[in-house]
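This report concerns only the one structure given below.
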Amino acid sequence: MDGDTLCSIGDLARRTGLTVKTVRFYSDEGIVPPAGRSPSGYRLYGTDAVARLGLVRTLRELGVDLASIRKVVDREVSLPEVAAAHADALDVQIRVLRLRRAVLTAVAKRGSTPEELDLMHQLAKLSEAERRRLVDDFLGSVFDGLRDHPAFAAVVRSMTPELPESPEAEQVEAWVELAELFQDTDFRSTMRGMARDLATDRSPADTTALPRILADAVRAQVTPALTVGIDPASPEADPIVSALTAHYAHIVGLPDDLALKRRLAARLEGMDDPRRDRYLQLLAVINGWPAPESLAPPLAWIVRALRVRMP
């Protein structure tokens, strides 16, 4: 194929490593047209056919459709334009594949039923706007009537999942599980109760040197005791219990007596819901935040400390 030499379809197939059938197909599609015909009517190809077929093969291996390839080889559009368009399309496909992989992984881990599989698939496919509506509906239900509270905006931000545009598989798995929690009516009710308690159980002034929010006060006071292994039933736990009951008495404006201890124990037991911890863990995965420390151990410790001190 030097100079103006033309070659047969068989020669072209050998030079490009393609089959005669494949070369004939591209020729029939007008992507690699013959430069002429032999006296017997067979197709003959010019020197540019090898380069064209090389480009065609590469683009096909990259998943570019024939219509776009035809426009490239005919110079109707530039190669960079087609590459950019198909890169964008691949991004969409990758996101879809990640969603599918996450759903199938979750199904395999859980041993889900066909009905659960369908639900997870629908949740994973939600658009950004649909996800936002689901989140807003959940948080709106949880914080119903609390919009005027000074901590409302900050708390809602801290509980809002923001799935990235190109999430990792574990983020998609976390989103699916979180979306299922959103639709759990019992969990909604529990979280609504916690939100109302949060709004109520805020110290009006910093007179006890503990955080204003009860849950934060429990964590701050009890975590050191857990770290050094103080038994909640031991005398060493007395100062911790006293500090927290005094803090709670200040919050609710009631005497620090046995009735208050019972009320505080019941309140803390209501806060100790493993789904709350799971919500915060999933939220951290989705938003790329550090994994939160569970509140369950401090809550269990202080509840036991309170119960053993009640007659």
Side-chain angles (χ1 to χ4, degrees), residues 1-107 117-118 120-134 162-173 175-176 286 288:
M1 288 176 57
D2 296 330
D4 295 329
T5 302
L6 301 180
C7 71
S8 69
I9 195 169
D11 289 336
L12 186 56
R14 284 189 291 274
R15 289 175 179 272
T16 58
L18 298 172
T19 65
V20 170
K21 183 179 179 180
T22 300
V23 175
R24 183 177 292 112
F25 171 76
Y26 288 137
S27 183
D28 290 343
E29 290 293 318
I31 293 173
V32 185
R37 295 272 178 173
S38 71
S40 303
Y42 292 107
R43 305 179 209 195
L44 297 175
Y45 296 88
T47 56
D48 65 333
V50 173
R52 268 196 175 225
L53 281 172
L55 176 60
V56 170
R57 179 168 56 184
T58 299
L59 290 174
R60 287 298 288 158
E61 288 175 353
L62 290 171
V64 179
D65 61 277
L66 287 176
S68 297
I69 291 175
R70 184 182 292 107
K71 290 179 181 179
V72 171
V73 296
D74 290 343
R75 301 186 184 277
E76 294 179 22
V77 295
S78 69
L79 179 58
E81 288 174 324
V82 170
H86 280 267
D88 290 342
L90 284 174
D91 284 340
V92 173
Q93 292 178 32
I94 288 169
R95 287 196 291 271
V96 170
L97 289 173
R98 280 178 171 167
L99 291 173
R100 291 175 180 171
R101 179 182 182 276
V103 169
L104 292 172
T105 300
V107 168
L117 168 61
D118 182 63
M120 285 189 284
H121 181 51
Q122 297 305 318
L123 292 174
K125 287 197 308 179
L126 293 179
S127 67
E128 182 179 355
E130 290 168 331
R131 290 197 303 270
R132 175 61 59 191
R133 283 195 293 272
L134 185 60
E162 299 284 354
L163 191 66
E165 184 178 348
S166 299
E168 299 297 329
E170 59 270 20
Q171 289 176 304
V172 178
E173 289 180 52
W175 159 252
V176 169
I286 293 168

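Keep in mind that what you see is a predicted model, and the values were worked out from it rather than measured. Residues: numbered from 1 along the sequence shown.
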Practice problem: Please report the closest heavy-atom contact between Pro164 and Gln171, naming both atoms and the distance. | Solution: CG-NE2, 3.4 Å

Quiz prompt | Residue list, salt bridge (charged side-chain N to carboxylate O under 4.0 Å, His left out) with Glu29, at least two apart or on another chain | solution = Arg70

Exercise. Go through the structure and list residues passing salt bridge (charged side-chain N to carboxylate O under 4.0 Å, His left out) with Glu162, not counting sequence neighbours.
Key: Arg132

Quiz item: In Å and rounded to the nearest 0.5 Å, what is the CG to CH2 distance from Leu134 to Trp175?
Solution: 5.0 Å

Self-check item: Contacts of Arg43 that satisfy salt bridge (charged side-chain N to carboxylate O under 4.0 Å, His left out) - sequence neighbours left out
Solution: Asp28

Quiz item: Are the side chain of Ser27 and the backbone of Val23 linked by a donor-acceptor contact shorter than 3.5 Å?
Solution: no

Quiz item: Does Arg24 have any salt bridge (charged side-chain N to carboxylate O under 4.0 Å, His left out) partners at least two apart in sequence or in another chain, and if so, which?
Solution: none

Practice problem: Any pair with a residue in residues 49-58 that passes side-chain hydrogen bond (donor to acceptor under 3.5 Å, both in side chains), sequence neighbours left out, goes on the list, sorted by first then second residue, please. | Solution: none

Quiz item: Residues in side-chain hydrogen bond (donor to acceptor under 3.5 Å, both in side chains) with Ser40, at least two apart?
Solution: none

Quiz item: Ile31 and Val73: which non-hydrogen atoms are nearest, and at how many Å?
Solution: O-CG2, 3.8 Å

Quiz item: Considering residues at least two apart in sequence or located in another chain, which fulfil the side-chain hydrogen bond (donor to acceptor under 3.5 Å, both in side chains) criterion with Ser38?
Solution: none

Exercise. Would you mind listing every salt bridge (Lys or Arg N to Asp or Glu O under 4.0 Å) that reaches into residues 30-40, with sequence neighbours excluded?
Key: none

Exercise. Report the residue from Leu6, Leu12, Thr5 that forms a side-chain contact (heavy atoms from CB on, under 4.5 Å) with Leu44.
Key: Leu6

Self-check item: Results of side-chain hydrogen bond (donor to acceptor under 3.5 Å, both in side chains) for Asp65 - residues two or more places apart only
Solution: Ser68, His86

Quiz item: Where do Gly10 and Val20 come nearest, in terms of heavy atoms and distance?
Solution: CA-CG2, 4.1 Å

Quiz item: Got a sec, which residues hit side chain to side chain contact (heavy atoms under 4.5 Å, CB included) with Ala87, two or more places apart in sequence or on another chain?
Solution: none

Quiz item: Who are the side chain to side chain contact (heavy atoms under 4.5 Å, CB included) partners of Arg60, not counting sequence neighbours?
Solution: Tyr26, Val56, Leu66, Ile69

Quiz item: Under the side-chain hydrogen bond (donor to acceptor under 3.5 Å, both in side chains) test, which residues partner Arg14, sequence neighbours left out?
Solution: Asp11

